[in-house]
Engineer: 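Provided herewith is a single structure, encoded as structure tokens, for subsequent inquiry.
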Number of protein chains: 2
Amino acid sequence: MISPEKHNRMANAIRFLAMDAVEKANSGHPGLPLGAADVATVLFGRYLKFDPKNPLWPDRDRFVLSAGHGSMLLYALLYLTGYEDMTIEDIKSFRQLGAKTAGHPEYGHASGIETTTGPLGQGIANAVGMAIAERKLSEEFGSELQSHYTYALVGDGCLMEGISQEAIALAGHLKLNKLIVFWDDNKITIDGAVSLSDSTDQIARLKSANWNTIEIDGHNPDEIAAAIEAAHKSDKPTFIAAKTIIGFGAPNKQGTHKVHGSPLGAEEIAAARKSLNWEAEAFVVPADVLDAWRLVGLRATKVRKEWEERLNQADAEKRAEFNRRFAGDLPGSFDTTIDAFKQKIAANNPTVATRKASEDALEVINGLLPETLGGSADLTPSNNTKTSQMKSITPTDFSGRYMHWGIREHATAAAMNGIALHGGLIPYSGGFLIFSDYCRPSVRLAALMGIRVVHVWTHDSIGVGEDGPTHQPVEHFAALRAIPNLLLFRPADETETAECWQIALKEKHRPSGLALTRQNLIPARTEYEEKNLSAYGAYELISASDAKVSIFASGSEVEIAIKAQQQLAAKGISTRVVSVPCFELFFEQDADYQEAIIGNAPVKIGVEAGIRQGWDAIIGSTGAFIGMKSFGASGPAKDLYKHFGITAEAVVAAAEAKLA
Amino acid sequence: MISPEKHNRMANAIRFLAMDAVEKANSGHPGLPLGAADVATVLFGRYLKFDPKNPLWPDRDRFVLSAGHGSMLLYALLYLTGYEDMTIEDIKSFRQLGAKTAGHPEYGHASGIETTTGPLGQGIANAVGMAIAERKLSEEFGSELQSHYTYALVGDGCLMEGISQEAIALAGHLKLNKLIVFWDDNKITIDGAVSLSDSTDQIARLKSANWNTIEIDGHNPDEIAAAIEAAHKSDKPTFIAAKTIIGFGAPNKQGTHKVHGSPLGAEEIAAARKSLNWEAEAFVVPADVLDAWRLVGLRATKVRKEWEERLNQADAEKRAEFNRRFAGDLPGSFDTTIDAFKQKIAANNPTVATRKASEDALEVINGLLPETLGGSADLTPSNNTKTSQMKSITPTDFSGRYMHWGIREHATAAAMNGIALHGGLIPYSGGFLIFSDYCRPSVRLAALMGIRVVHVWTHDSIGVGEDGPTHQPVEHFAALRAIPNLLLFRPADETETAECWQIALKEKHRPSGLALTRQNLIPARTEYEEKNLSAYGAYELISASDAKVSIFASGSEVEIAIKAQQQLAAKGISTRVVSVPCFELFFEQDADYQEAIIGNAPVKIGVEAGIRQGWDAIIGSTGAFIGMKSFGASGPAKDLYKHFGITAEAVVAAAEAKLA
């Protein structure tokens, strides 16, 4: 048992590391670490199941600092509990270039950072995803291998952001009772008092979403402990409203927005040392306190060993599967299975929408990969994401593999990030491409973290037709290609769709998005080709000797390019066609390949039912581009293509004009 | 009084217009118009204050169809009540290219469409903005000129989207008691039953956000009327949960997701005709019913005339101001005031961050324009958006002009859209540029609608420094430039910032975003120039005869360009510098101007602390680009600029390499 006095000293160790690190960096957020130190001390000190020596232990409890600006809270905890890759030097280099201790916690920088947070509300939705993953894997592998809690610490900002409502409603609906969220209820935001902008009764709000709620004094260790224990017994997710004083311990500034995001200053820190009776110098943790924390880091060693024993005693096949799943490796037969599927496609050459092609590919993939967790943000019949293997997950039955995420694109994407971060599952989900805007912040974080999440974005252009410009992506290819480390695929037919799915699933460290059509497409590829040509990003679909024109196109416009090629060839104008399913992969090819594919035909034409931005890298700034220059319009898709001049005839005319 | 029988016939007129139009288009959403026809009939029939002959009457009640897929409900109402620009032919051409009756309601297509909806949750947040505008203008001009309700009709999708929580919390906080939201509670979404994905107690949720809540049978006219009358007496916003049957009247399909988004089919429509005892043919409204509806359209004529009388009797100055404000015109002295400010800047040439320059400009602007409504999504001290004239708006006092929007970027942007759509005010608000991702769907809709909303996006690059990659925009310039009809400004100093503000405010039909720095910048312009040079989008800052190198830069990188120019000139390499504060405006200049500005120096270099995408249009695909290729990092800004190679030295090296 930890005495009150010892508790205080342990919590104060967090506080002074945070104050001192922020002060040294002359930048950062002391308010949260000081205010939430007591909650963190009780949680880490007595309950959190974690082993700093085995930070990736699959059954560890997950802790998400959703209020990521309080990063020093997490760094201090990692250092104190003995994570080997978090040293006092790392703490001292807080917020410096190249340091693990970035301004906001960054996944991959150091062990124990479960996710990248900072953009508010993302963390709580990540945590919902982690809790979904735990429940699903527990169902699949048994509670002897998966049975852990997911904790998150949120601030007022997280709760105000809309994404939190989506995540909260989802967690309550699914009865994720192993999800425990602490609210650092300090009544302060950057502008001042929370009451400047909000009067929500958060307890009532959470109750309305089927959460268990508990209100405590966030500085009282006994209340914190009792709340966690009550949460452990709940059949619903638990929201613990912990009333805290922001910047607790900074005697002259605490409780005000002045401590939120600025160093306290030497004088105030000195006053805090006096007030909290803290004798140690900056960055020095007294031996008794450090020892106590290091013991905390050893608390779960036995439990972890018992877990390993259970894994070792498991059926060999189950053990191998569990390990494979957490390693994120695909089954050895993955490529051959896709190849066989490609052969089957080449035998049929179906004219299908790529959303349907994606369903066909998923039918094969889901048959092979038990780790895929499918879903849709309430567009299942449109996104074609539910295959024959996929039973719906319900609040009382997680044996299914399909999530009805609801009309919640943002939390869906963030929860998918959480699922991927958790390990053991590969999440994919559907939505309309236009609504990639709704979840863009989470897509960006997936790219920043480098995690495998696959977005199935259907209805990818004016091909949407009658739903009109509110539902027709125009700038979205460009906007998504702009995000570093995200692969945006736009396959042209069933074969390319299968190839793009193959790549997306093999990319362990990058998220992908598949932009897919609503409308049917004539196949671009008709012969089986063993190589995954889409993996080159762009490749020659129709070659021509001494080509005068090169047409580059993606997705639904490849059939326009092919038709234009035929018309130009009929006029004696030698023309080649390049399919461009993925810009990012193309620009990762070596220079020779890129040059060969771009070629040296005097006329280069890009065709895509989106804006030109980005295409100049392929067609040059002097190339012709057949695409969109404005928002779309409501009308039948065929009328729109004609209206906006995205036709084979327009391509031919552009070629002839350039050649003239 | 409308008898129950007459009510039914009036509601059925909506239903059959919707069924028949969707059927003829072979596309669309009959479910909502059929289900919500009773609510709409009571609201429009008895309460809504509107005058189809004067659709822009400033004191009309606003009606927002947040569930925009039910567009036929609105089109039917507009036709039935006698809006002259909504004919039966328009109804018949539902969802056809060029028709006013687009798949989703589009602002500007026809009178009475108060906003563009379809992307779910946007409409309710627009309505919150409209209610804010009403309350503010009522405070300013008196209830004799501004005293109307704002009604919205939302579906389950709107309520699941996170943006709705932001909007709901805000409306409850501000006690917007003239906001009345109907929830079309039909328990159906596209995937099936709402219970597949949600179990939220919406009544409890709304109560937790300080709303008045009422539950009714949405097919019972008396209950609907009683709810509206109760709402009118509330001191809080009112949420009316109207239990409805989706597709009401389609006897075999109603109450299922099959009626949501597909035509009912001839057979089912015939069955509905029988079941609802509707004798008229498709697109024919029986004379008695049409007469009844046309009378509804005349109901408020007297009230509107009385209002006009009050306006005419108002003090001449007040009347002129009111009319000016609703015309959206700026005071005649606007340009001269900005010019005077520019002269003052040229006299001081301050080294300031552009966020501070923006504050300085706003200090001048807000002093002149009483119609600006400022704010920030809880980053007031960082965004520098609150000037000396601006007192905070509070739930009990709307005499201020500054909104503490809370940590709610999405609802902020959508509510700003609502404010702009309402008329009488020009909304601007601050946020970090990185969080433009959080509100991107609303920004896009502002661009699609063509409305004047100004986003003050500070902390616009790796210049953010220590907060790291989660807070450093990299792809955001490109991603925002990708949105058609949005002006993205990135001014380089205090003068350009003033000019960009001048343009943004004069653009009545386009939204703008100002990307502003956290860090101080050396002035790029030091001489007063009467012309607004930023209005050209790009202009020559430093000319050079027979230039070998042209450097193009925006914002904080202009000072790097200038420094590089000096170094190159010192080496005898003739170099010019072009400042590019706004891509969109530059590409609207005539070809001669564009050619002259791009020039024909053999080496063209772009410098911007973002990705290259989009720059090829200026520097060509063979130009050099000094910018970002990846996410940023946490560290002091100066270290980051060096680390990522965005320096004058790098520009010089690139120039020399190209010249070699």
Side-chain angles (χ1 to χ4, degrees), chain A residues 27 95-97 102-104 118-120 157 160-163 165-166 169 173 189-191 196-201 204-205 208-210 378-380 404 406-408 410 437-438 440-441 448 466-470 475 478-479 482-484 611 613-614 616 620-621 630-631 633-635 639 643, chain B residues 27 95-97 102-104 118-120 157 160-163 165-166 169 173 189-191 196-201 204-205 208-210 378-380 404 406-408 410 437-438 440-441 448 466-470 475 478-479 482-484 611 613-614 616 620-621 630-631 633-635 639 643:
Chain A
S27 160
R95 289 184 157 237
Q96 302 310 302
L97 183 56
H104 293 81
L120 295 175
M160 283 201 218
E161 291 286 1
I163 185 177
Q165 177 65 21
E166 299 181 14
H173 172 68
T189 72
I190 290 174
D191 272 12
L196 275 174
S197 58
D198 194 47
S199 325
T200 306
D201 178 342
R205 172 188 173 201
S208 79
N210 300 306
D378 197 48
L379 290 168
T380 300
H404 293 280
I407 301 141
R408 304 183 179 108
H410 203 173
D437 280 351
Y438 271 70
R440 194 171 164 88
L448 178 58
E466 292 87 347
D467 273 350
T470 54
E475 72 277 26
I483 298 178
I611 59 166
Q613 190 177 297
D616 287 2
S621 44
S630 67
F631 291 110
S634 173
D639 295 355
H643 176 73
Chain B
S27 159
R95 288 186 158 236
Q96 302 311 302
L97 184 56
H104 294 81
L120 295 174
M160 282 200 219
E161 292 287 0
I163 185 176
Q165 178 65 21
E166 300 181 15
H173 172 69
T189 71
I190 289 174
D191 272 11
L196 276 175
S197 58
D198 194 47
S199 326
T200 306
D201 177 343
R205 172 188 173 201
S208 78
N210 300 306
D378 196 50
L379 288 168
T380 300
H404 293 279
I407 300 142
R408 305 183 179 107
H410 203 173
D437 280 349
Y438 271 70
R440 193 169 165 90
L448 179 59
E466 292 88 346
D467 273 350
T470 55
E475 72 278 25
I483 299 178
I611 59 167
Q613 191 175 299
D616 287 3
S621 44
S630 66
F631 291 109
S634 173
D639 295 355
H643 175 71

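Atoms considered below: every heavy atom in the structure, side chains included; atoms not considered: hydrogens, waters and symmetry mates.
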Engineer: Tell me which of these, G162(A), G103(A), G635(A), S208(A), has more heavy-atom pairs under 4.5 Å with chain B than the rest.
Structural biologist: S208(A)

Engineer: Taking atom types as modelled and ignoring hydrogens, do the side chains of H173(B) and D198(A) form a donor-acceptor contact shorter than 3.5 angstrom?
Structural biologist: no

Engineer: Using the side chain to side chain contact (heavy atoms under 4.5 Å, CB included) criterion, which residues pair with D639(B)? Sequence neighbours excluded.
Structural biologist: L97(A), P636(B)

Engineer: Keeping the roles fixed (side chain from H104(A), backbone from D467(B)), state whether a donor-acceptor pair exists under 3.5 Å.
Structural biologist: yes

Engineer: Is R408(B) reaching over with its side chain to a backbone N or O of S197(A), donor-acceptor style, under 3.5 angstrom?
Structural biologist: yes

Engineer: Only pairs of heavy atoms separated by less than 4.5 Å count here; which of G614(B), G118(B), P469(B), G620(B) has the most with chain A?
Structural biologist: P469(B)

Engineer: Just jot down the side chain to side chain contact (heavy atoms under 4.5 Å, CB included) partners of I190(A), sequence neighbours excluded, or say none.
Structural biologist: H260(A), D378(B), L379(B), P381(B)

Engineer: Does Q613(A) form a side-chain contact (heavy atoms from CB on, under 4.5 Å) with Q613(B)? I'd like the steps, not just the answer.
Structural biologist: CA-CA 7 Å; Q613(A) 190 177 297; Q613(B) 191 175 299; 3.0 Å; yes

Engineer: Got S634(A) and Q96(B) here, is their nearest side-chain heavy-atom distance under 4.5 Å?
Structural biologist: no

Engineer: What residue in A102(A), G157(A), S199(A) has the most heavy-atom pairs under 4.5 Å with chain B?
Structural biologist: S199(A)

Engineer: L120(B), L448(B), I163(B): which one forms the most heavy-atom pairs within less than 4.5 Å of chain A?
Structural biologist: L448(B)

Engineer: Chain B: which of I611(A), D201(A), D437(A) shares the most heavy-atom pairs with it under 4.5 Å?
Structural biologist: D437(A)

Engineer: Given heavy-atom pairs under 4.5 angstrom as the criterion, report whether the side chain, backbone, both or neither of L196(A) touches chain B.
Structural biologist: both

Engineer: Quick one: does E166(B)'s side chain get under 4.5 Å of M160(A)'s, heavy atoms only?
Structural biologist: no

Engineer: Where is the tightest heavy-atom contact between D616(B) and S621(A), given as atom of each residue plus distance?
Structural biologist: O-CB, 3.5 Å

Engineer: To check you understand the geometry: which heavy-atom pair defines the closest contact between A478(A) and A482(B), and what is its length?
Structural biologist: CB-CB, 4.4 Å

Engineer: Would you name the heavy atoms of I483(A) and F631(B) that are closest together and state the gap between them?
Structural biologist: CG2-CZ, 4.1 Å

Engineer: So, do R440(B) and Y438(A) sit near enough that their side-chain heavy atoms are less than 4.5 Å apart?
Structural biologist: no

Engineer: Is it the side chain or the backbone of S27(B) that comes within 4.5 Å of chain A heavy atoms, both, or neither?
Structural biologist: side chain

Engineer: If we only count heavy atoms from C-beta on, is the R205(A) to Q165(B) side-chain gap below 4.5 Å?
Structural biologist: yes

